[in-house]
Engineer: 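There's a structure below that I have some questions on.
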Amino acid sequence: MMSDERTRHELDQLKSGIVDLYTEEELGKKLDRFHREGKPMVVKAGFDPTSSDIHLGHTVLMNKMRQFQDLGHRVAYVVGDATAMIGDPTGRNKTRKVLTRDEILDHAKTYATQAFKILDPQKTEMVFNSTWLFKLDFMKLIDLASKYNVARMLEREDFKNRFKSGDSISVHEFLYPLAQGYDSVALKADVELGGTDQIFNLLVGRKLQSDYGQEPQVVMTVPLLVGLDGVQKMSKSYGNYIGVTEPADGMFAKVMSISDDLMWNYYELLTTVPVDEIAAMKNGIQNDTIHPRDCKVNLALFITARFHGEPAAREAKENFYREIPSNLAEYPVTLPDGGLALLDLIVQIGFTESKAEARRMIQQGGTYIDAQKVSDVALKITSKDSFVLKVGKKKIGRVNFS
RNA sequence: GGAGAGGUUCCCGAGUGGCUAAAGGGGGCAGACUGUAAAUCUGUUGUCGGAAGACUACGGAGGUUCGAAACCUCCCCUCUCCA
């Protein structure tokens, strides 16, 4: 039958790059039904509005969502404004900033504009889970909570670990998976996508849906992108991320800073370069016909071009190899009558947090004025001539005096 | 409610009343090396100060003492066992 063939083809496409899939049969059935009845599936994915930046890690997931859209399905893009209030309590000593309503809306908005670099806005519905979660009264909440038990909750990796090592787990944290699962009930989701770290929550959704008499959603996870440090997952809070709105130069440079090993991971998850080409590159490096650096340059070009276009990517590459980039950040500074201590200047333009840190930078030989190493900690600037200031390997800019 | 163990700098973790801005590790940063990579090595890692030095820090508030992260009191928080 025709529909079978089509289903199989689509299934293969959707399965590529997926880590977990529960279950393939169900997904096949849903696809079949779509082909028969024409009713698009609701593909759900949730996003935490605690920060407003989308980074490359998110794009792995979004590419998959886009794939569903291209096959005619609809994406329910859930802004977790209600669940954000539960938050992630691992950093207990840090008082987590409670976001105001406005901040969340703000984040959601900038988030969306970034997301639509990848997603099809026509086929995306942005929904806030407070819409239904805030309507749950106490009785309904109890009912929801009764659908799951503690032993199973403790199966979740991070709960299990914290329980074992004797760390605190607040009761309300148990509500997080339930709330997220309830989102699926409220949306009657057909499919939910998430990173592999979400697997537990996604499966709770399946369970809850059948408890509420719905057909359980298909659950699919995509691999987590490792951050620039090569160890932890890419995340804003670890500061090891590349944001999709970052300037081309920075994006290029950041990709270049990853390790050679990590490069292959990025090739697989972030580019459309076919596997056999990737294998060929690895081979070339093995027998010394290709320099790994060149492979990384191509990777950086690919990623940068995706968000900034080809020409900008090429320019970023040139800048990367130039001693001093052509489009330096400019720092206008007012020069006081008595002159300005270099230390103060460094702090003033935000290159270091404190003067002590700036002093260290100079003492350790990481500070340059117009490519001239600065050795005098007490250096005072008296002339209004502008110069290029470099502090450490990353902070560089032109200082203009007035 | 009862018994016990704890809360130390970004994180983990040591700390005898003065020699402790506080060992050690991790992480970060800088330098060397290199491919403006990784790995490795070295240094550095509270603030102000050119420096000498000063100031602020060991859950919170008081107290003892010439002197407290360390001793006492109360409070807050976490964990374990019992109920």
Side-chain angles (χ1 to χ4, degrees), chain A residues 88-96 154 159-173 226-233 235 237-242 249-267 281-282 284-285 288-301 303-304 316-326 328 338-348 350-368 371 373-381 388-396:
Chain A
D88 172 19
T90 37
R92 260 168 304 139
N93 41 354
K94 282 175 227 145
T95 41
R96 195 181 184 86
L154 288 173
F159 286 151
K160 191 170 47 188
N161 291 343
R162 282 199 278 158
F163 188 68
K164 239 194 275 173
S165 64
D167 285 332
S168 143
I169 303 173
S170 298
V171 171
H172 78 286
E173 293 178 61
V226 177
L228 301 173
D229 54 12
V231 181
Q232 271 165 312
K233 70 166 182 176
S235 146
S237 46
Y238 296 137
N240 60 359
Y241 71 103
I242 303 179
D249 285 355
M251 204 178 254
F252 191 96
K254 279 188 179 178
V255 176
M256 289 307 286
S257 80
I258 65 173
S259 74
D260 291 356
D261 286 342
L262 188 57
M263 163 167 78
W264 305 117
N265 187 242
Y266 278 34
Y267 257 113
M281 278 190 272
K282 284 187 190 169
I285 289 170
D288 273 345
T289 50
I290 302 175
H291 197 298
R293 183 197 47 220
D294 297 331
C295 294
K296 209 180 289 172
V297 167
N298 285 335
L299 176 68
L301 277 173
I303 291 172
T304 312
K317 179 189 165 189
E318 277 165 35
N319 276 335
F320 183 73
Y321 281 106
R322 225 192 298 259
E323 285 286 306
I324 294 164
S326 57
L328 271 180
L340 182 62
L342 179 61
L343 286 180
D344 289 315
L345 173 70
I346 292 172
V347 176
Q348 200 178 319
F351 277 10
T352 65
E353 294 273 308
S354 67
K355 290 175 80 168
E357 194 185 341
R359 188 175 294 115
R360 247 175 265 135
M361 285 296 194
I362 295 173
Q363 283 163 347
Q364 293 181 138
T367 306
Y368 292 82
K373 190 189 275 192
V374 179
S375 48
D376 180 11
V377 176
L379 185 72
K380 214 165 192 190
I381 290 145
V388 175
L389 178 66
K390 183 168 179 245
V391 178
K393 12 185 173 198
K394 283 172 194 148
K395 310 281 177 53
I396 183 163

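Proteins come first, then strands; the chains are lettered A, B, ... in the order of their sequence lines, and each starts at number 1. Predicted model only: the values in this text are computed from it and were never measured.
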Engineer: By nearest nucleotide on RNA chain B, pick out whichever of A:M361 and A:D261 is the more 5' one.
Structural biologist: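 So the residue in question is A:M361.
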Engineer: Take atom CZ of A:F351 and atom C1' of B:C29, then tell me their distance rounded to the nearest Å.
Structural biologist: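 After rounding, the gap between these two atoms is 15 Å.
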Engineer: Within the pair A:S354 and B:U47, is there a side-chain N or O less than 4.0 Å away from OP1 or OP2?
Structural biologist: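 A:S354 to B:U47 OP1/OP2: side-chain N or O found under 4.0 Å.
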Engineer: Scan every strand shown for a Watson-Crick or G-U wobble partner of B:A30, both distances under 3.5 Å, and answer none if you come up empty.
Structural biologist: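 Its partner is B:U42 (Watson-Crick or G-U wobble, both distances under 3.5 Å).
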Engineer: Counting the atoms with a prime plus P, OP1 and OP2 as sugar-phosphate, which does A:K394 contact under 4.0 Å by heavy atoms, base, sugar-phosphate, or nothing?
Structural biologist: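 Counting heavy atoms under 4.0 Å across all strands, the contact made by A:K394 is with sugar-phosphate only.
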Engineer: What integer number of Å spans the P atoms of B:C41 and B:A57?
Structural biologist: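 Comparing P positions in B:C41 and B:A57 gives a spacing of 37 Å.
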Engineer: Under 4.0 Å between a side-chain N/O of A:K395 and OP1 or OP2 of B:C29, yes or no?
Structural biologist: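 So the side chain of A:K395 is outside the cut-off, no N or O lying under 4.0 Å from OP1 or OP2 of B:C29.
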Engineer: Just the rounded figure in Å: distance from P of B:G46 to CD of A:E353.
Structural biologist: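 My rounded result for the distance is 14 Å.
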Engineer: Could you measure between the two C1' atoms, the one in B:G6 and the one in B:U56, and give it in whole Å?
Structural biologist: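 Looking at atom C1' only, B:G6 and B:U56 are 26 Å apart.
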Engineer: Of the non-hydrogen atoms in A:M281 and A:C295, which two are nearest, and what is the gap between them?
Structural biologist: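 Residues A:M281 and A:C295, closest heavy atoms: SD-SG, 3.6 Å.
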Engineer: In whole angstrom, give the distance that lies between atom CE of A:M263 and atom C1' of B:A38.
Structural biologist: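 Answer to the nearest Å: 11 Å.
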Engineer: If I take atom CZ in residue A:R359 and atom C1' in nucleotide B:G50, what distance separates them, rounded to the nearest angstrom?
Structural biologist: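 Computing the A:R359:CZ to B:G50:C1' distance gives 8 Å.
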Engineer: I need the CD1-P distance between A:I362 and B:G31, as an integer number of Å.
Structural biologist: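 It is 13 Å, rounded to the nearest whole Å.
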Engineer: Please report the closest heavy-atom contact between A:M256 and A:K296, naming both atoms and the distance.
Structural biologist: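 Smallest heavy-atom distance, with atoms named: O-CD, 3.5 Å.
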Engineer: Rounded to the Å, how far apart are A:D167 CG and B:C77 P?
Structural biologist: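 Distance check: A:D167 CG to B:C77 P gives 18 Å.
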Engineer: Expressed in whole Å, how much space separates the P atoms belonging to B:G63 and B:U16?
Structural biologist: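 Going atom to atom, P in each nucleotide, I get 26 Å.
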Engineer: Check whether the side chain of A:Q364 and the base of B:G31 form a donor-acceptor pair under 3.5 Å.
Structural biologist: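 Such a pair does not exist between side chain and base.
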Engineer: Please measure how far the C1' atom in B:A32 lies from the corresponding atom in B:C66, and state the result in whole Å.
Structural biologist: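 Pairwise C1' distance, B:A32 against B:C66, rounds to 50 Å.
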Engineer: Using the C1' atoms only, state how far B:U8 lies from B:G25, rounded to an integer number of Å.
Structural biologist: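 About 15 Å, rounded to a whole number of Å.
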Engineer: Respond yes when some side-chain nitrogen or oxygen of A:S259 is under 4.0 Å from OP1 or OP2 of B:A37, and no when none is.
Structural biologist: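 False: A:S259 side-chain N/O out of range (4.0 Å or more) of B:A37 OP1/OP2.
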Engineer: Quick check: does any side chain N or O of A:E173 sit under 3.5 Å from a backbone N or O of A:I169, one acting as donor and the other as acceptor?
Structural biologist: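 A pair under 3.5 Å: no.
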Engineer: Using atom P of each nucleotide, how far apart are B:G4 and B:U73 to the nearest Å?
Structural biologist: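 Rounded to whole Å, the distance is 13 Å.
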Engineer: Indicate, with a heavy-atom threshold strictly under 4.0 Å, whether A:I258 touches base, sugar-phosphate, or nothing.
Structural biologist: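 The residue A:I258 makes sugar-phosphate contact but no base contact.
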Engineer: Considering every strand shown, what is the Watson-Crick or G-U wobble mate of B:G17 when both distances are under 3.5 Å?
Structural biologist: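 Paired with no nucleotide.
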Engineer: It should be established whether A:R360 places a side-chain nitrogen or oxygen under 4.0 Å from OP1 or OP2 of nucleotide B:G46.
Structural biologist: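 No, because none of the side-chain N or O atoms of A:R360 sits under 4.0 Å from OP1 or OP2 of B:G46.
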Engineer: In whole Å, what separates the P atom of B:U47 from that of B:A52?
Structural biologist: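 It works out to 16 Å between them.
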Engineer: Where do A:E353 and A:V347 come nearest, in terms of heavy atoms and distance?
Structural biologist: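 For A:E353 and A:V347, the tightest heavy-atom pair comes out as O-CG1, 4.2 Å.
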Engineer: For atom C1', what is the distance between B:C10 and B:A54, given to the nearest Å?
Structural biologist: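 The answer is 25 Å between these two C1' atoms.
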Engineer: For RNA chain B, whose closest nucleotide is more 5', that of A:P292 or that of A:G392?
Structural biologist: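 Looking at the nearest nucleotide for each, A:G392 comes out on the 5' side.
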